[in-house]
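Since the structure comes first, as structure tokens, the remarks are kept for the end.
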Amino acid sequence: MVAFDPWDPAFVADPYPAYAELRAQGRVRYFEATDQWLVPHHADVSALLRDRRLGRTYLHRYTHEEFGRTAPPPEHEPFHTLNDHGMLDLEPPDHTRIRRLVSKAFTPRTVERLRPYVERLAGELVEGLRARGGGDLLTEVAEPLPVAVIAEMLGVPEGDRHLLRPWSAAICGMYELNPSEETAERAVRASVEFSDYLRGLIAERRREPGEDLISGLIAAHDEDDRLTEQEMISTAVLLLNAGHEATVNATVNGWYALFRHPDQLAALRADHSLVPSAVEELMRYDTPLQLFERWVLEDIEIDGTTVPKGAEVALLFGSANHDPAVFADPERLDLTRAENPHISFSAGIHYCIGAPLARIELAASMTALLTRTPTLTLAGDPSRKPNFVIRGLEGLPVELR
């Protein structure tokens, strides 16, 4: 178990050999450092994501005391109020009610209508990169595209959008394993500022409704579906965070992988029809969300081991996506991979509601880069973020030959 060390820079740089070792050791292992049960195999991860004996929260069924857990410290309350009212950390019936409302904005038809806007914006961003002869792919293309799209959907004014990414980064720090008190303080501060901002935006939309999602949530007239103000704020934050964080990281992780596999990049440049399968394979190959946690609401058994009620399981998405029981030659990047049941978008009732939009964004930026910057190359070694759970790069320097 020495190889699995989420705080070791060498592990963070390349966790996949350690995952292979974990899978070889069995289907579930207790990891004392985080008080979690690690689940590394695709079949188990996939099944447990759908198992209602596990939950993103336990507070719909137990108090902290009944569940054998300690309540979060009072000074962290603004973060938990914000986080715990979003649908990602709720279970039915509240999860069902909120997701039913939000899903109206993410129907295939609605998302498809966004395609021209996404493709135009991707083209403009890549054109700027081309005109400068290169730059940082993360800050100039990967980041502004999904931030602008989700902000546009929610109705966040253009002049305020620069605020979103720093708030999001601070809040997402709390999803890492054993976050420090400094990380918690930053998350609490961002939670207060982000909530105050959205409270003001919601008040504006109440006075002057628009065509945006926040106006739509306010206008929901069915009493059973109506959201409280806190649920609206938490939903908006979740959509803004989830709506860009994974897409940003998938973009830079994916291009970094392509630069390190010139044969695959050459094949993609020669045949742009590979873009859809390339998007899926790059999300599998270097998964932007490595781990997803679940609380055990009732005892479960995995391969003869009882994981008791009150425990927490860590479902290792990155490991599941490299499981040789499911993926032939999983360590090989293969943009033509036909069978690719990766679980980068999760599964079950918490399957990523924005997956269709993310796919459009990833394909749009990839196509724009392939067509407008065909000689794009790596301009230096990027540094990887120290985070394990949310996997990404600090930047990706590129240039045009």
Side-chain angles (χ1 to χ4, degrees), residues 55-60 63-64 71-107 110 147 149-172 174-175 184-245 349-350 352-354:
R56 281 293 292 171
T57 182
Y58 52 80
L59 293 173
H60 60 307
T63 64
H64 292 298
E75 60 270 23
H76 295 179
E77 181 269 330
F79 166 79
H80 289 287
T81 295
L82 182 63
N83 187 69
D84 296 355
H85 286 81
M87 61 184 166
L88 184 63
D89 281 79
L90 288 171
E91 292 295 315
D94 288 326
H95 170 272
T96 312
R97 173 174 54 87
I98 296 174
R99 187 170 177 117
R100 186 167 56 234
L101 266 177
V102 176
S103 63
K104 293 172 186 174
F106 289 92
T107 64
T110 308
V147 170
V149 172
I150 198 69
E152 185 76 15
M153 288 183 75
L154 282 160
V156 176
E158 206 164 320
D160 294 341
R161 292 175 187 177
H162 67 283
L163 300 167
L164 305 178
R165 181 73 171 153
W167 281 335
S168 174
I171 289 167
C172 288
M174 286 293 274
Y175 305 139
E185 287 170 9
R186 281 197 298 269
V188 166
R189 195 159 51 244
S191 298
V192 171
E193 292 172 4
F194 211 162
S195 296
D196 287 347
Y197 172 79
L198 286 166
R199 201 168 282 112
L201 188 61
I202 289 166
E204 279 181 35
R205 293 295 177 271
R206 286 192 198 280
R207 291 192 299 271
E208 294 183 40
E211 297 297 312
D212 53 87
L213 180 53
I214 286 178
S215 297
L217 294 176
I218 292 169
H221 58 273
D222 183 336
E223 197 61 43
D224 292 336
D225 276 352
R226 188 159 292 169
L227 269 62
T228 66
E229 184 174 77
Q230 183 58 58
E231 287 173 340
M232 249 187 280
I233 290 168
S234 296
T235 297
V237 169
L238 172 63
L239 291 174
L240 283 161
N241 290 354
H244 79 273
E245 196 72 40
I349 68 167
H350 290 290
C352 177
I353 200 169

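Between Met87 and His350, the shortest heavy-atom contact is O-CE1, 3.3 Å. Here the closest non-hydrogen pair linking Ile202 and Ile218 is O-CD1, 3.7 Å. Thr57 and Leu59 make their closest contact through OG1-N, 3.1 Å (heavy atoms, listed as atom of the first residue, atom of the second, distance). Annotation for Ile171 and Ser191: closest pair CG1-OG, 3.9 Å, computed over non-hydrogen atoms. In this structure, Ala105 and Thr110 approach most closely via the heavy-atom pair O-CG2, 3.3 Å. Taking each heavy atom of Ala187 and Ala170 in turn, the nearest pair found is CB-O, 3.5 Å.
Taken from OG in Ser215 to CG in Leu154, the straight-line distance is 10.0 Å, to the nearest 0.5 Å. Note that CG of Leu82 and CD of Glu77 are 10.0 Å apart. Values are rounded to the nearest 0.5 Å. Residue Asp89 holds its CG atom at 8.0 Å from CG of Leu238, rounded to the nearest 0.5 Å. Here OG1 of Thr235 is found 11.0 Å from CG of Leu240. Values are rounded to the nearest 0.5 Å. How far CZ of Arg97 is from CZ of Arg100: 8.5 Å, rounded to the nearest 0.5 Å. We find the CG-CD distance between Leu217 and Glu231 to be 10.5 Å, quoted to the nearest 0.5 Å.
Looking at His64 and Tyr58, their side chains come closer than 4.5 Å, going by heavy atoms from C-beta outward. In this structure, the side chains of His85 and Glu229 stay at 4.5 Å or more apart for every pair of heavy atoms. In this structure, the side chains of His60 and Asp94 stay at 4.5 Å or more apart for every pair of heavy atoms. Within the 4.5 Å cutoff, no side-chain heavy atoms of Lys104 are placed close to those of Leu213. A heavy-atom distance below 4.5 Å is found between the side chains of Ile233 and Gln230. Within the 4.5 Å cutoff, no side-chain heavy atoms of Leu101 are placed close to those of Ile98.
Listed by chain and residue number, nothing satisfies the ring pair (Phe, Tyr, Trp, His ring centres under 6.0 Å) test with Phe79 (two or more places apart in sequence, or in another chain). For His80, the ring pair (Phe, Tyr, Trp, His ring centres under 6.0 Å) test picks out no residue, with sequence neighbours left out. Considering only residues two or more places apart in sequence or on other chains, Tyr175 meets the ring pair (Phe, Tyr, Trp, His ring centres under 6.0 Å) condition with none of them. In this structure, the side chain to side chain contact (heavy atoms under 4.5 Å, CB included) partners of Ser168, at least two apart in sequence or on a different chain, are Cys172, Asn241, His244, Glu245. Taking Glu193 as the reference, nothing meets the salt bridge (charged side-chain N to carboxylate O under 4.0 Å, His left out) condition, with sequence neighbours excluded.
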Could you pull out every donor-acceptor pair under 3.5 Å between side chains of residues 204-211 and any protein atom, sequence neighbours left out?
from, atom 1, to, atom 2, distance (Å)
Arg205, NE, Asp212, OD2, 3.1
Arg205, NH2, Gly155, O, 2.6

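Ring planes of Tyr197 and Trp167: tilted class, angle from 30 to 60°.
No side-chain donor-acceptor contact under 3.5 Å links Thr96 to the backbone of Pro92. Judged purely by atom type and a 3.5 angstrom limit, Ser234 has no side-chain atom pairing as donor or acceptor with the backbone of Asn83.
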